[in-house]
Each structure stands twice: as structure tokens, then as C-alpha cells.
**Student:** 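Below are the C-alpha cells for one structure; questions will follow.
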Amino acid sequence: MKNKLNQFVLQVSNLTKVYGFEYKFAGKTIGKRVVGTINVSFDVKKGEIFGFLGPNGAGKSTTMRSILGYLKIQSGVISVLGLDHHQNTLSIRRRIGYLPGDLGLYDNFSGAELLKYAGALRPVNTKFLQELKSIFKVNLNQKIKSLSTGNRQQVGLLLALASKPEFLILDEPTNGLDPLVASNFHKILRNLKKEGITIFLCSHDLAEVQAVCDRVGIIKNGKIIEEGSSKDIFNNPKNSYTKELLTSVI
């Protein structure tokens with residue numbers, strides 16, 4: 001029998017992350033304690049596109065950064081590609097493609113120079129990269145500082161996808177992209193899914209999530225409040241906040 005664990009690329013169990021400290025002294029509260037996530041649990045299956053939705057400050061970025069090992073969590077267990085995220089951080093990162101929502105690139109480098117640098121850190125899938133370059137029309141010979149927001153985003157996507165990683169974590173991937181490029185990018189995601197690549201997609205674009213995601217998790221105030229198939233979440237949400245979320249601009 002196939003090991004059930006092998007079906008999951010990501011397993012998050014009771015993830016809790018709190019920022020800062022506060023304590024009582026002489027009848028006063030000193031410091032500030034901010035909750036990022038509280039007992040967040042969910043799984044992402046191999047070859048699945050999982051959408052992660054929630055308003056700003058809900059815990060989306062905390063969850064993603066915890067998965068990547070960028071944050072020290074208070075409690076919980078995270079398994080990525082069958083490996084413990086804390087003990088195997090570097091091994092995991094070599095197998096993941098990540099596009100942060102607050103993308104920062106070296107202004108005085110060109111896109112081509114950044115791709116060359118990235119290729120020195122881990123092998124680039126040359127054939128796939130050429131395919132991506134035919135879709136993303138950004139001029140890779142221009143310095144990053146001279147590019148528009150949308151073109152910088154295309155460079156970020158090229159960097160995240162160039163190695164054709166086993167697992168992609170994408171935070172607002174179509175931010176700044178024109179509709180045609182965004183549509184072509186969605187086709188890329190669907191093709192990667194067909195090849196068994198797993199994608200964790202965080203987006204404010206409800207149409208994007210509905211178009212490409214198999215399952216969706218809704219997070220609010222650091223807690224998962226609803227999870228299910230994309231079809232069920234969009235057509236028959238169970239939680240009142242989910243209903244509000246899906247009929248508003250977040």
C-alpha cells in the first residue's frame with residue numbers, strides 16, 4: 001500500500017506563531033504581543049494547487065514564512081516534501097520555488113544577471129526557462145531599477161520557476177501583470193500541475209483562485225475558518241465570514 005504521507009507535499013499541524021512579548025510590571029502592561037497564527041492546520045497534496053485566502057494581517061505571510069523556516073515558531077509541526085521544516089531548512093529551500101509578496105530585487109542588476117546568479121545556486125531547467133522567456137516578455141537586459149512593477153514581477157516569477165521546482169510557494173504572483181500575461185501564467189500553473197508539481201498560492205484575486213485552485217483555505221485572525229474544494233468554497237461557503245469575503249474586495 002502506498003504510504004499516505006507520500007501523498008502530501010505540505011503538512012502543517014497546530015502552527016502557532018506569536019510576535020513580541022508583554023508582561024505586567026507595577027500594574028502596567030509592558031511590551032506588545034501580536035498573534036500571527038493560532039493552531040493552524042492543513043495539508044497540501046502532491047500535484048495540487050492550494051489557494052490561501054484572507055484579508056491583510058490574517059496570518060497568510062506568517063504561515064508562508066514559517067513553512068520556509070524564516071520564522072521561529074512557538075509550537076506546531078511542519079513537514080515539507082516529507083522533511084521537518086526546522087531540521088532540514090536548507091534541503092527544503094533547494095527544492096522549493098518562492099515568490100514573496102514583498103518582492104525585492106537588486107536594482108543595479110539586470111534580469112539576466114539575476115538569473116545567472118540564481119543558476120549558480122541551483123541548476124536551472126534550461127528548456128523550461130526558454131519556454132518561460134517566450135511567455136514573459138520582460139527585457140532581461142535592462143537594470144531592475146528601470147523596470148515597471150509588472151516587469152519586475154515577471155523577473156521574480158522567472159527566478160522562482162527557473163529550476164522547475166517540486167513545490168512552488170507564490171504570494172500574489174500576478175500582482176502588476178497585464179491580463180494577457182496573467183492568463184498565460186495561469187496556463188503555466190495548470191501545466192505544472194499536470195506534471196505533478198505542487199503549488200501553494202496566496203492571492204487577493206478571487207477570480208484567479210477560482211480559476212486555478214483545486215482546494216482553498218480561508219484564514220482570519222490567525223485561524224483557519226474554512227477549508228474545502230474550490231468549487232464548494234465558492235459555490236456553498238459554510239462560514240459567514242467566508243461568504244462576506246467572497247463578495248467583497250480583499
Side-chain angles (χ1 to χ4, degrees), residues 4-46 48 50-104 160 165-173 198-204 209 213 215-228 233 238-242 245 250:
K4 186 176 180 181
L5 291 176
N6 292 334
Q7 298 176 14
F8 297 104
V9 167
L10 174 65
Q11 294 177 290
V12 178
S13 179
N14 298 316
L15 167 63
T16 297
K17 170 60 184 175
V18 178
Y19 300 93
F21 300 92
E22 65 181 36
Y23 56 93
K24 302 291 184 179
F25 179 75
K28 296 181 179 180
T29 300
I30 309 297
K32 186 176 182 181
R33 182 176 180 269
V34 178
V35 175
T37 58
I38 308 171
N39 293 326
V40 166
S41 299
F42 62 92
D43 300 319
V44 180
K45 298 176 183 178
K46 179 176 173 59
E48 177 176 58
F50 184 89
F52 203 45
L53 283 172
N56 291 332
K60 300 188 301 296
S61 294
T62 294
T63 301
M64 284 184 284
R65 290 170 180 167
S66 296
I67 292 167
L68 290 159
Y70 294 152
L71 297 176
K72 183 179 180 180
I73 64 176
Q74 275 74 25
S75 62
V77 177
I78 303 174
S79 173
V80 186
L81 297 162
L83 302 172
D84 179 87
H85 89 293
H86 179 67
Q87 297 180 0
N88 302 279
T89 302
L90 293 179
S91 297
I92 290 169
R93 288 182 191 172
R94 292 190 187 102
R95 299 167 65 184
I96 286 181
Y98 174 50
L99 178 75
D102 53 351
L103 177 65
E166 300 169 61
F167 184 29
L168 279 166
I169 298 178
L170 305 173
D171 190 358
E172 305 293 347
T198 308
I199 301 159
F200 183 90
L201 174 67
C202 179
S203 176
H204 279 89
V209 173
C213 293
R215 286 194 305 125
V216 176
I218 310 290
I219 187 169
K220 179 189 178 186
N221 296 332
K223 297 180 180 180
I224 298 288
I225 61 170
E226 189 163 357
E227 181 185 344
I233 291 289
K238 301 293 190 298
N239 185 279
S240 60
Y241 178 76
T242 303
L245 180 72
I250 59 175

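Heavy-atom basis, side chains included; hydrogens, waters and symmetry copies ignored. The structure displayed is predicted, hence computed values, not measured ones.
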**Student:** Mark yes or no for whether Gln74, through its side chain, and Val18, through its backbone, hold a donor-acceptor pair below 3.5 Å.
**Tutor:** yes
**Student:** Does Phe42 have any ring pair (Phe, Tyr, Trp, His ring centres under 6.0 Å) partners at least two apart in sequence or in another chain, and if so, which?
**Tutor:** Phe50, Phe52, Phe200
**Student:** Do Ile78 and Leu10 pass the side chain to side chain contact (heavy atoms under 4.5 Å, CB included) test, and can you show the C-alpha distance, the side-chain angles, and the key distance before you say yes or no?
**Tutor:** CA-CA 7 Å; Ile78 303 174; Leu10 174 65; 4.1 Å; yes
**Student:** Calculate, to the nearest 0.5 Å, the distance between atoms CD and CG belonging to Glu172 and Leu201 respectively.
**Tutor:** 8.0 Å
**Student:** Which atom names give the shortest non-hydrogen contact between Ala160 and Leu168, and what distance separates them?
**Tutor:** O-CD2, 3.7 Å
**Student:** How long is the straight-line distance from CD1 of Ile38 back to CG of Asn221, given to the nearest 0.5 Å?
**Tutor:**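 Reported to 0.5 Å precision, the distance equals 8.0 Å.
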**Student:** Between CD1 of Ile73 and CZ of Arg65, what distance do you get to the nearest 0.5 Å?
**Tutor:**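 The CD1 atom of Ile73 sits 15.5 Å away from the CZ atom of Arg65.
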**Student:** Roughly how far, to the nearest 0.5 Å, is the OG1 atom of Thr62 from the CG atom of Leu15?
**Tutor:** 8.5 Å
**Student:** Checking side chain to side chain contact (heavy atoms under 4.5 Å, CB included) for the pair Asn56/His204: CA distance, chi angles, key distance, verdict?
**Tutor:** CA-CA 9 Å; Asn56 291 332; His204 279 89; 3.2 Å; yes
**Student:** How long is the span from the CG atom in Asn88 to the CZ atom in Arg93, to the nearest 0.5 Å?
**Tutor:** 12.0 Å
**Student:** Any donor and acceptor pair, going by atom type alone, linking the side chain of Ser13 with main-chain N or O of Ser41 inside 3.5 Å?
**Tutor:**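 Answer holds: no.
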**Student:** Testing the basics here: between Pro173 and Cys202, what is the closest heavy-atom pair and its distance to 0.1 Å?
**Tutor:**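 Closest heavy-atom pair between Pro173 and Cys202: CD-O, 3.7 Å.
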**Student:** Over all heavy atoms of both residues, which pair between Lys60 and Leu53 is shortest? Give the atoms and the distance, please.
**Tutor:**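 Heavy atoms of Lys60 and Leu53 come nearest at CD-C, 4.0 Å.
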**Student:** What distance separates Ile218 CD1 from Lys220 NZ, expressed to the nearest 0.5 Å?
**Tutor:** 11.5 Å
**Student:** For Asp43 and Val12, which heavy atoms make the closest approach, and how far apart are they?
**Tutor:**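 That closest heavy-atom pairing would be OD1-N, 4.2 Å.
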**Student:** A side-chain contact here means heavy atoms from C-beta on lying under 4.5 Å apart; do Leu71 and Tyr19 qualify?
**Tutor:**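 When only atoms from C-beta onward are counted, Tyr19 and Leu71 do touch, with a gap below 4.5 Å.
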**Student:** Could you go step by step and tell me if Ser66 and Thr37 meet the side chain to side chain contact (heavy atoms under 4.5 Å, CB included) rule?
**Tutor:** CA-CA 10 Å; Ser66 296; Thr37 58; 5.6 Å; no
**Student:** Measure across Leu83 and Ser91 and return the closest heavy-atom pair with its distance rounded to 0.1 Å.
**Tutor:** CD1-CB, 4.3 Å
**Student:** Could you walk me through whether Ser61 and Asp171 pass the side chain to side chain contact (heavy atoms under 4.5 Å, CB included) test, one step at a time?
**Tutor:** CA-CA 8 Å; Ser61 294; Asp171 190 358; 4.0 Å; yes
**Student:** For Lys238, is there an ion pair with Glu226 - N to carboxylate O distance below 4.0 angstrom?
**Tutor:**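 Here Glu226 does not pair with Lys238 in a salt bridge, since their nearest N and O are not under 4.0 Å apart.
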**Student:** Can you give me the closest heavy-atom contact between Val44 and Arg215, atom names plus distance?
**Tutor:** CA-NH2, 3.8 Å
